[in-house]
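Have a look at the structure below before the remarks.
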Amino acid sequence: ARGGTLFLDEIGDLSYTLQAKLLRALENNEIRPVGSDKTIQTDVRIIAATHQNLLEKIKEGSFRFDLYYRLNVIQVTPPDLINRMEDFDLLLGEFCRHYRVRFNFNGISLLKKYSWPGNIRELKNLIARASALYPSQQITESLVEKLLDKPIKKNTDEETQENTSTLPVIKEIERQMIIKRLKVNKGNQRLTANDLGMPKSTLHDRLKYYDI
């Protein structure tokens with residue numbers, strides 16, 4: 001990777017002992033191969049990824065704070081798949097072509113109602129699972145329910161009314177406007193934000209606030 005980029009995946013799973021060695025390598029810009037008595041100068045850009053909360057692991061004493069601050073120069077947090085549904089069709093189509101899987105309309109509609117806690121990786125794994133379990137078969141709504149890791153939570157009208165009953169009138173009006181535009185745009189948040197005249201990031205905040 002000399003002169004390029006070294007990607008370290010799941011840095012939060014690194015043992016405490018190896019964390020110290022990695023920190024030393026990063027601080028000195030050099031490594032010593034196993035069995036060698038010579039050091040090698042390094043020149044790489046480090047990109048580290050994790051699904052864990054490293055600050056919590058620091059409090060627990062399982063992650064070095066000095067390594068955290070050595071790595072945490074620029075932090076990038078990709079949005080959850082549920083908050084970028086305008087990309088869903090493109091991702092689904094790409095994975096379906098790769099694994100040669102076909103979904104019917106109702107099956108795709110059900111996929112879009114799922115929360116996707118595992119994000120894109122979970123979507124890819126579901127398509128791979130469909131390819132393995134139902135080869136050359138169109139994936140219907142009933143099959144989607146069998147493929148998902150957990151059932152889709154279906155909100156009743158009473159639950160929806162209960163969740164919104166404590167909102168001020170103005171905020172409830174805004175919430176209903178967002179829901180209507182999302183339905184018209186079939187979940188496309190970019191189009192919805194344009195319709196409502198707000199930045200997409202603001203729409204993301206509204207969706208979280210109103211629990212839409």
Exercise for review: Determine yes or no for a side-chain-to-main-chain donor-acceptor pair under 3.5 angstrom, with R100 supplying the side chain and S136 the backbone.
Suggested key: no
Exercise for review: Locate the shortest heavy-atom distance separating L81 from N119; write the atom from each residue and the value.
Suggested key: N-OD1, 2.9 Å
Practice item. Answer with yes or no whether the hydrophobic clustering places I82 together with L191; edges join I, L, V, M, F, W, Y residues whose side-chain heavy atoms lie under 4.5 Å apart. Key: no
**Study point:** Side chains of I179 and L182 in contact at under 4.5 Å (non-hydrogen atoms)
**Key:** no
Check your understanding: Within a reach of under 6.0 Å around NZ of K124, are more than 12 heavy atoms found that belong to other residues, nucleotides or ligands?
Key -> no
Check your understanding: Hey, are the side chains of F103 and C96 touching, using non-hydrogen atoms and a 4.5 Å cut-off?
Key -> yes
Exercise for review: State, yes or no, whether a side-chain contact exists between R175 and I212 at a heavy-atom distance under 4.5 Å.
Suggested key: yes
Point to revise | Minimum heavy-atom distance N83-H204, with the two atoms named | key: O-NE2, 2.8 Å
Check your understanding: Atom CG of D9 and atom NE2 of H51: how far apart are they, to the nearest 0.5 Å?
Key -> 10.0 Å
**Study point:** same_hphob_cluster(Y114, F105) at 4.5 Å side-chain heavy-atom cutoff
**Key:** no
**Study point:** Any side-chain heavy-atom pair of L143 and Q137 under 4.5 Å
**Key:** yes
Practice item. Verify side-chain hydrogen bond (donor to acceptor under 3.5 Å, both in side chains) between N104 and E141, making sure each step is shown before the conclusion. Key: CA-CA 8 Å; N104 68 3; E141 186 176 7; over 6 Å; no
Review point. Looking at OG1 of T202 and CG of L207, how far apart are the two atoms once the value is rounded to the nearest 0.5 Å?
Key: 11.0 Å
Exercise for review: Please determine, by modelled atom types, if N72 and Q75 share a side-chain donor-acceptor pair under 3.5 angstrom.
Suggested key: yes
Check your understanding: Hey, mind stepping through F7 and I46 against side chain to side chain contact (heavy atoms under 4.5 Å, CB included) and telling me if it holds?
Key -> CA-CA 6 Å; F7 177 64; I46 300 292; over 6 Å; no
Practice item. Flag the pair F63 / Q52 as yes when at least one side-chain heavy-atom distance between them is below 4.5 Å, and no otherwise. Key: no
Review point. If every non-hydrogen atom of Q41 is compared with every non-hydrogen atom of N28, which pair is closest and at what distance?
Key: OE1-O, 4.3 Å
Review point. Side chains of S15 and T17: donor-acceptor distance under 3.5 Å anywhere?
Key: no
Practice item. Look at atom CE of M177 and say whether more than 12 heavy atoms of other residues, nucleotides or ligands are closer to it than 6.0 Å. Key: no
Study note, to complete from the structure: Rounded to the nearest 0.5 Å, the CD atom of Q19 sits from the CG atom of L71 at a distance of 9.5 Å
Practice item. Test salt bridge (Lys or Arg N to Asp or Glu O under 4.0 Å) on R32 and D37 and set out the steps. Key: CA-CA 7 Å; R32 178 178 296 179; D37 57 356; over 6 Å; no
Check your understanding: Can you tell me how far the CG atom of D87 sits from the CG atom of L92, to the nearest 0.5 Å?
Key -> 12.5 Å
Check your understanding: Taking T42 for the side chain and N29 for the main chain, is one N or O donor matched with an acceptor at less than 3.5 Å?
Key -> yes
Practice item. Give the cluster check for L148 versus L133: same hydrophobic cluster or not, with ILVMFWY residues linked at side-chain heavy-atom distances below 4.5 Å. Key: yes
Practice item. Give the C-alpha distance, both sets of side-chain angles, the deciding distance and a yes or no for side chain to side chain contact (heavy atoms under 4.5 Å, CB included) between L23 and R70. Key: CA-CA 8 Å; L23 175 63; R70 180 65 179 78; 3.9 Å; yes
Exercise for review: Given side chain to side chain contact (heavy atoms under 4.5 Å, CB included), test R45 with L6 step by step and report yes or no.
Suggested key: CA-CA 6 Å; R45 173 177 54 189; L6 180 62; over 6 Å; no
Practice item. Taking the side chain as every heavy atom from C-beta outward, state whether R102 and I139 have any atom pair closer than 4.5 Å. Key: no
Revision key, fill the gap. Minimal heavy-atom distance between K38 and P33, with the atoms involved, is O-CD, 3.7 Å
Review point. Strictly by modelled atom types, are D195 and N185 linked by a side-chain donor-acceptor pair under 3.5 Å?
Key: yes
Point to revise | From CG (L22) to CD1 (I31), nearest 0.5 Å | key: 11.0 Å
**Study point:** Q189 side, atom CD; I178 side, atom CD1 - distance, nearest 0.5 Å
**Key:** 10.0 Å
Point to revise | pair F65-K57: side-chain heavy atoms closer than 4.5 Å | key: no
Review point. Are K112 and D89 side-chain neighbours, meaning at least one heavy-atom pair lies under 4.5 Å?
Key: yes
Practice item. Please report the closest heavy-atom contact between S131 and V101, naming both atoms and the distance. Key: CB-CG2, 3.6 Å
Review point. Which heavy-atom pair separates F95 from I127 by the least distance, and what is that distance?
Key: O-CG2, 3.6 Å
Review point. Going through the distances and angles, do L111 and W116 end up as a side chain to side chain contact (heavy atoms under 4.5 Å, CB included)?
Key: CA-CA 9 Å; L111 289 176; W116 299 107; 3.8 Å; yes
Review point. So if you build clusters from Ile, Leu, Val, Met, Phe, Trp, Tyr with side-chain heavy-atom gaps below 4.5 Å, do V73 and Y68 land together?
Key: no
Check your understanding: Are V44 and L8 connected in the hydrophobic side-chain network, where two residues link if heavy atoms are under 4.5 Å apart?
Key -> yes
